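No experiment lies behind these values; they were computed from the predicted model shown.
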Amino acid sequence: MTESGSRLDVTVADAEALATQILVSLGTPHAPAVEVARSLVLANVVGHESHGLVRLREYASFVERGRVIPDAAPRVISDRGAAVMIDGQHGWGQTAAHFAVGVAADRARELGAAVVTIRNCNHVGRIGEYVDELTRSGLVGIMWCNADPCVAPFGGAERMLGTNPFAVGVPTESEPVVVDFATASVAEGKLRVARASGTQAPPGAVVDRNGAATTDPNDFYNGGALLPFGAHKGYGLSLIVELIGGALSGGHPSVNADYIAGNGVVLIAIDPAFFVGADAFLADTTEATQKIAASRPAREGDRVLLPGDVERMQAQKNTATITMADAIWADVVALRDEKKATA
């Protein structure tokens, strides 16, 4: 590990080992601890520090408060072939989400398409990871989930919606197209990173407790709210994710009295082979994406990127080493030491 200013270079192996150690100390069996740790570190690898190791302190608090049952395993509770409901049983969200991906992929290959929901599901992390996994087996993946309220509706000042991410993965003959974004102006985890790094939130992303615009991430944690991206359009999409993610999963919309804290997940897998044939589908998606990527950029010397390209470029840089705020790494190490001391 080497220090570079206010950031640290950490090997991927060390990061995964430390995260696994902490998760095991929280009562997680080794195999799911490795699975969750790899998911968190992968977020760092692809450049989304907001969904990476910075989450471990929060995850530990979830266990301490009984929100996460670390040794719980997901199970199917309703099955109609192409429609499946999974109970995450309040275990780790990543474990439930990976389980859902496997179920959805199997059903889509058999039936052409499948819809899988997850209830009693904790934070699943970066949802682009799961749709990307589906594309690797030639399937289209669509995923969204609602979350704890922290976003004000368009024209409002109160926390009424989750960050409510939405992701789609589309296979091509080369790399897949993967769209993954929070319907909030920024993911809440990015404010967490900004606060730890001593930097500002982007303009137009946060209002304070009085509804006034601010760039201080602390204002969010002192009772403020995030704003939806794209004004009324982002608000509309966020509301749809809230309603369908919350109500269809059985976790309820986050402002409802019966809301089950966590992520109400909806995952759709589609097998192009059933509809137009895999080869025809891939030929179409490849031709279109190649033409778009080869189109004339607005500025000379730039190139047009496809969704997922930035993450792949980051991953190529971070094959063995990731860079993170030194305050975040120090907090993860401190968490490990605290768990050792109380073991």
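- Taking CG from Leu23 and NE2 from His30, the interatomic distance works out to 10.5 Å, rounded to the nearest 0.5 Å.
- Ion pairing between a basic and an acidic side chain is recognised when a charged N comes within 4.0 Å of a carboxylate O; Asp216 and Arg195 show no such pairing.
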Verdict with reasoning, Arg136 to Glu175, per salt bridge (Lys or Arg N to Asp or Glu O under 4.0 Å): CA-CA 9 Å; Arg136 302 299 171 177; Glu175 294 291 346; 3.2 Å; yes
Verdict with supporting geometry, Asp208 and Asn222, side chain to side chain contact (heavy atoms under 4.5 Å, CB included): CA-CA 8 Å; Asp208 65 18; Asn222 291 328; over 6 Å; no
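- Within the 4.5 Å cutoff, no side-chain heavy atoms of Trp92 are placed close to those of His98.
- For the atom pair CG (Leu40) and OG1 (Thr20), the distance works out to 9.5 Å, reported to the nearest 0.5 Å.
- The heavy-atom pair separating Ala15 from Ile322 by the smallest distance is CB-CD1, 3.9 Å.
- Separation of the His123 and Tyr59 ring centroids falls under the 6.0 Å cut-off.
- Remark: the backbone N or O of Val10 is not paired with any side-chain donor or acceptor of Asp14 at under 3.5 angstrom.
- A single hydrophobic cluster is seen to contain both Val266 and Ile270, as judged by linkage of ILVMFWY side chains at heavy-atom distances under 4.5 Å, directly or through other members.
- A pairwise comparison of heavy atoms in Cys121 and Val265 identifies SG-CG2, 4.1 Å as the closest pair.
- Residues Arg312 and Asp132 are not paired through a salt bridge, judged by the lack of any N-O separation under 4.0 Å between the basic side chain and the carboxylate.
- Closest of all the heavy-atom pairs between Ser249 and Thr117 is CA-CB, 4.0 Å.
- None of Ser50, Pro202, Pro217 except one satisfies the side chain to side chain contact (heavy atoms under 4.5 Å, CB included) rule with Val186; the exception is Pro202.
- Atom CG of Leu56 and atom CZ of Phe62 lie 11.5 Å apart (nearest 0.5 Å).
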Step-by-step side chain to side chain donor-acceptor pair (under 3.5 Å) determination, His48 to Gln314: CA-CA 9 Å; His48 292 291; Gln314 287 295 322; over 6 Å; no
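- Both Val68 and Val332 sit in one connected hydrophobic cluster of ILVMFWY residues. Membership requires side-chain heavy atoms under 4.5 Å apart, directly or through other members.
- Residue Leu243 is not grouped with residue Ile142 when hydrophobic side chains (ILVMFWY) are merged at heavy-atom distances under 4.5 angstrom, including chains of intermediate members.
- Looking only at side-chain heavy atoms (C-beta outward), Leu227 and Val151 stay at 4.5 Å or farther from each other.
- In terms of heavy atoms, Ala152 sits closest to Pro228 at O-CD, 3.1 Å.
- Considering only heavy atoms from C-beta on, Leu282 comes within 4.5 Å of Thr285 through its side chain.
- Here the side chain of Asp148 pairs no donor or acceptor atom with the backbone of Gly162 at under 3.5 angstrom.
- Although no hydrogens or angles enter the test, the distance criterion places a donor-acceptor pair under 3.5 Å between the side chain of Asp79 and the main chain of Gly81.
- Two residues are said to be in side-chain contact when any heavy atoms from C-beta on lie closer than 4.5 Å; Lys339 and Leu26 meet this criterion.
- For CG of Asp71, the number of neighbouring non-hydrogen atoms (other residues, nucleotides, ligands) closer than 6.0 Å is greater than 12.
- Judged by distance alone, the side chain of Arg159 and the main-chain N or O of Ala225 form no donor-acceptor pair under 3.5 Å.
- For Ser238 and Asn164, the side-chain atoms include at least one donor-acceptor pair closer than 3.5 Å.
- Arg65 CZ: more than 12 foreign heavy atoms inside a 6.0 Å radius.
- Taking the side chain as every heavy atom from C-beta outward, Val178 and Val131 approach each other to under 4.5 Å.
- In the hydrophobic cluster analysis, where Ile, Leu, Val, Met, Phe, Trp and Tyr join through side-chain heavy atoms closer than 4.5 angstrom, Val115 is grouped apart from Ile127.
- Of all heavy-atom pairs between Tyr259 and His252, the closest is CD1-O, 3.2 Å.
- Remark: the backbone N or O of Thr199 is not paired with any side-chain donor or acceptor of Ser197 at under 3.5 angstrom.
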Test log, rule ring pair (Phe, Tyr, Trp, His ring centres under 6.0 Å), inputs Phe181 and Phe229: CA-CA 10 Å; Phe181 56 83; Phe229 85 90; 5.6 Å; yes
Step-by-step side chain to side chain contact (heavy atoms under 4.5 Å, CB included) determination, Leu267 to Leu134: CA-CA 10 Å; Leu267 174 64; Leu134 287 169; 3.9 Å; yes
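- In terms of the side chain to side chain contact (heavy atoms under 4.5 Å, CB included) criterion, residue partners of Asp106 (sequence neighbours excluded) are, by chain and number, Arg109.
- A donor-acceptor distance shorter than 3.5 angstrom exists from the side chain of Ser295 to the backbone of Ile292, with no hydrogens or angles considered.
- For the atom pair OH (Tyr130) and OG (Ser39), the distance works out to 4.0 Å, reported to the nearest 0.5 Å.
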Tyr221 and Leu191: CA distance, side-chain angles, deciding distance, side chain to side chain contact (heavy atoms under 4.5 Å, CB included) verdict: CA-CA 9 Å; Tyr221 295 101; Leu191 295 185; 3.7 Å; yes
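- Listed for the Thr28 side chain is no donor-acceptor partner under 3.5 Å among the backbone atoms of Val24.
- Here the side chain of Asn210 pairs no donor or acceptor atom with the backbone of Ala212 at under 3.5 angstrom.
- Note that CH2 of Trp144 and CD1 of Ile268 are 4.0 Å apart. Values are rounded to the nearest 0.5 Å.
- Taking all atoms of both residues into account, the shortest heavy-atom contact from Ile118 to Ala100 is CD1-CB, 3.7 Å.
- Counting heavy atoms from C-beta on, the side chains of Val170 and Val168 come closer than 4.5 Å.
- Taking a cutoff of 4.0 Å between a charged side-chain nitrogen and a carboxylate oxygen, Glu49 and Arg192 do not qualify as a salt bridge.
- Thr183 places a side-chain N or O within 3.5 Å of a backbone atom of Thr163 that can act as its donor or acceptor partner.
- Between the CD atom in Glu242 and the CG atom in Asn146 there is a gap of 4.5 Å [rounded to 0.5 Å].
- Considering only heavy atoms from C-beta on, Asp326 stays 4.5 Å or farther from Arg7 through its side chain.
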Residues Val140, Thr135; criterion side chain to side chain contact (heavy atoms under 4.5 Å, CB included); working and verdict: CA-CA 6 Å; Val140 173; Thr135 68; over 6 Å; no
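- Leu139 is not connected to Val276 by any chain of hydrophobic side-chain contacts under 4.5 Å among Ile, Leu, Val, Met, Phe, Trp and Tyr, and they are in different clusters.
- Counting heavy atoms from C-beta outward, Val116 and Ile86 have side chains that approach closer than 4.5 Å.
- Listed for the Arg336 side chain is no donor-acceptor partner under 3.5 Å among the backbone atoms of Gln21.
- Between Glu338 and Arg57 there is a salt bridge, since a side-chain N of the basic residue sits under 4.0 Å from a carboxylate O of the acidic one.
- Glu188 and Arg55 are joined by a salt bridge, as a carboxylate oxygen and a charged side-chain nitrogen come within less than 4.0 angstrom of each other.
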